[in-house]
**Student:** 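My questions all concern the structure below.
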Amino acid sequence: MNKLTIDYLQSSLLDYYSSFARDLPWRKTKDPYKIWVSEIMLQQTQVKTVIPYYERFISKLPTVLALASAHEDELLKLWEGLGYYSRVLNMHKAAKMVVKELNGMMPHTSKDLLKLPGIGLYTAGAIASIAFEERISAVDGNVHRVLSRYFGLSLTKEALVPLMYEILPSKRIGDFNQAIMEIGALICLPSLNPNCQSCPLKDNCVALDMNLIDSLPLKPKKLIRTKELYTLLMITDDASYYLQKRPAKGLLANLWEFPLLKGHLSQTEIINYVQSLGLKMLKMMELPNTSHAFTHKDWDIIAYKVTIINPQPLNDFTLVFKDDLLKNYTLSSLFNKYQEYYR
DNA sequence: AACTCGGGGCT
DNA sequence: AGCCCAGAGTT
């Protein structure tokens, strides 16, 4: 690539960033721990969603030592509703490694960051460039889209890394990486109508020039969501509810849930089920149906609140006071949609 | 290279 | 109703 192109990209992007960068909480610091937390939260999650979670997480756990010392239950509660829960468990493992093996000092290079669980090519590059000014790329979905369009290329994110390495400046590396992401987030939108007229790169954008904006980057093959039917039972004596912990692997791993039975059960089947647990039913109330979309599944849920008169320990369930439930037990947001019925 | 893993913002 | 989000780990 010629020097003129590189100079143009560097000055356009850095000038844009100096003028228009959003004032985001994690941009007020160079603390690698805080940058790390923000980058993990931002994986497949929009900025607007992350901000309140980030503020609360940093306020409760301001250092890597605090994170390493935290209990898993507390971490999941801080992550409740954010999704992709393995992110926070991997971060917990990594924090323990940093404290135990690195004397509490965050790795200073992308190569060493990459060794920590939950930190992949993008996140290692983001932390190293933003917190330590390492000359390394950070190719996320935004960068992929902006570069694909600007150069008129159809390449994977991995294939864009060497290209990024050519155009990276020798200083303000973190700003440069964030500038491309910023343009991807604010201007070079994935929708059919990006704001090309206000883009600092509009004069030399191949996709804009050749009318390829809509076709770049190449759309991934669209996924198939399978429908699954469930019956949710809130079994209560009005003071406590039966919960169960989901398995350590798979969807919503390690989270708590109300008894969730496969299929849409009839009221007779529910009565039989509750009796089979040894519980005496006082009344049963039908709750609103809900649907919940995951990446690959679509759950169609019917729900009942079942009031019983003889609460007792059960093998597969834990009886939890409702105040304790709200404070200390992490549920998927699909269960929290029913919060007005158990609070 | 293709799956899996949440939840929500935006159109 | 569908797309995609400051992706990573597993198969």
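Lettering follows sequence order; numbering is per chain, from 1.
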**Student:** Taking the side chain as everything from C-beta on, heavy atoms only, tell me whether A/Tyr85 gets closer than 4.5 Å to A/Asn254.
**Tutor:** no

**Student:** Assuming nearest nucleotide by heavy-atom distance, tell me which of A/Arg22 and A/Pro117 is located more 5' along DNA chain C.
**Tutor:** A/Arg22

**Student:** Please tell me if the side chains of A/Arg22 and A/Leu186 come closer than 4.5 Å, counting only heavy atoms from C-beta onward.
**Tutor:** yes

**Student:** What nucleic acid atoms does A/Phe294 come within less than 4.0 Å of, heavy atoms only: base, sugar-phosphate, or nothing?
**Tutor:** sugar-phosphate

**Student:** With ring centroids as reference points, do A/His292 and A/Phe294 lie under 6.0 angstrom apart?
**Tutor:** yes

**Student:** Please classify the nucleic acid contact of A/Thr295 as base, sugar-phosphate, or nothing, using heavy-atom distances under 4.0 Å.
**Tutor:** base

**Student:** What's A/Trp79 touching, base or sugar-phosphate or nothing? Going by heavy atoms closer than 4.0 Å.
**Tutor:** nothing

**Student:** Please pick, from B/dG7, B/dC3, B/dC5, the nucleotide with the shortest atom-to-atom distance to any side-chain atom of A/Ser333.
**Tutor:** B/dG7

**Student:** Just how far, in rounded Å, is P of B/dG8 from OH of A/Tyr53?
**Tutor:** 7 Å

**Student:** Hey, which sits more toward the 5' end of DNA chain B by its nearest nucleotide, A/Ala253 or A/Lys221?
**Tutor:** A/Lys221

**Student:** For a quick check of understanding: with a heavy-atom distance under 4.0 Å over all strands, which category does A/Leu223 fall into, base, sugar-phosphate or nothing?
**Tutor:** nothing

**Student:** Could you go through the side chain to side chain contact (heavy atoms under 4.5 Å, CB included) check for A/Leu326 and A/Tyr342 one step at a time?
**Tutor:** CA-CA 9 Å; A/Leu326 289 168; A/Tyr342 64 81; 3.9 Å; yes

**Student:** Answer with yes or no whether A/Thr45 presents, from its side chain, a donor or acceptor under 3.5 Å of a partner atom in the base of B/dG7.
**Tutor:** no

**Student:** Below 4.5 Å, heavy atoms only, C-beta onward: do A/Glu134 and A/Ile173 meet side chain to side chain?
**Tutor:** no

**Student:** Between A/Tyr273 and A/Thr231, is there a side-chain heavy-atom distance shorter than 4.5 Å?
**Tutor:** no

**Student:** Checking all strands, does A/Leu82 fall into the base, sugar-phosphate, or nothing category for heavy-atom contacts under 4.0 angstrom?
**Tutor:** base

**Student:** Using chain A heavy atoms and a threshold of under 4.0 Å, write down where along DNA chain C the contacts begin and end, 5' to 3'.
**Tutor:** C/dC3 to C/dG9

**Student:** Verify whether the ring centers belonging to A/Phe20 and A/Tyr16 lie closer than 6.0 Å.
**Tutor:** yes

**Student:** In whole angstrom, give the distance that lies between atom CD of A/Gln44 and atom P of B/dG6.
**Tutor:** 12 Å

**Student:** Rounding to an integer number of Å, can you tell me how far A/Gln43 CD sits from B/dG6 P?
**Tutor:** 13 Å

**Student:** Take atom CG of A/Leu42 and atom C1' of B/dG7, then tell me their distance rounded to the nearest Å.
**Tutor:** 14 Å

**Student:** Would you indicate what A/Ser38 reaches in the nucleic acid, counting non-hydrogen atoms under 4.0 angstrom: base, sugar-phosphate, or nothing?
**Tutor:** nothing

**Student:** Base, sugar-phosphate or nothing for A/Ile35? Non-hydrogen atoms, less than 4.0 Å.
**Tutor:** nothing

**Student:** Base, sugar-phosphate alone, or nothing: which one does A/Arg225 contact when heavy atoms must sit under 4.0 Å apart?
**Tutor:** nothing

**Student:** Which heavy-atom pair separates A/Phe258 from A/Leu233 by the least distance, and what is that distance?
**Tutor:** CB-O, 3.7 Å

**Student:** How far does OH of A/Tyr241 sit from NZ of A/Lys322, to the nearest 0.5 angstrom?
**Tutor:** 5.0 Å

**Student:** Given B/dG7, is OP1 or OP2 found less than 4.0 Å from the side-chain N or O atoms of A/His292?
**Tutor:** yes

**Student:** Give one of base, sugar-phosphate or nothing for A/Val47, where a contact means two heavy atoms less than 4.0 Å apart.
**Tutor:** sugar-phosphate

**Student:** What nucleic acid atoms does A/Gly250 come within less than 4.0 Å of, heavy atoms only: base, sugar-phosphate, or nothing?
**Tutor:** sugar-phosphate

**Student:** If we take the P atom in both C/dA6 and B/dT4, what is their distance in whole Å?
**Tutor:** 24 Å

**Student:** Mapping A/Thr156 and A/Lys337 onto DNA chain B by nearest heavy atom, which one lands closer to the 5' end?
**Tutor:** A/Thr156

**Student:** Could you pick out which residue, A/Ala185 or A/Gly118, lies toward the 5' side of DNA chain C when each is mapped onto its nearest nucleotide?
**Tutor:** A/Ala185

**Student:** To the side chain of A/Tyr84, which of B/dG9, B/dC3, B/dG6 is closest?
**Tutor:** B/dG6

**Student:** In whole angstrom, give me the gap between the P atoms of C/dT10 and B/dG6.
**Tutor:** 14 Å

**Student:** Whole angstroms only, please: what is the CD-P distance between A/Glu80 and B/dG8?
**Tutor:** 11 Å

**Student:** How long is the line joining CD1 of A/Ile51 and P of B/dG9, in whole Å?
**Tutor:** 13 Å

**Student:** Find the distance A/Met41:CE to B/dG8:P and express it as a whole number of Å.
**Tutor:** 15 Å

**Student:** Do A/Ser332 and B/dG6 have a side chain to base donor-acceptor pair shorter than 3.5 Å?
**Tutor:** no

**Student:** Quick one: A/Lys48 NZ to B/dG8 P, roughly how many Å, whole number?
**Tutor:** 13 Å

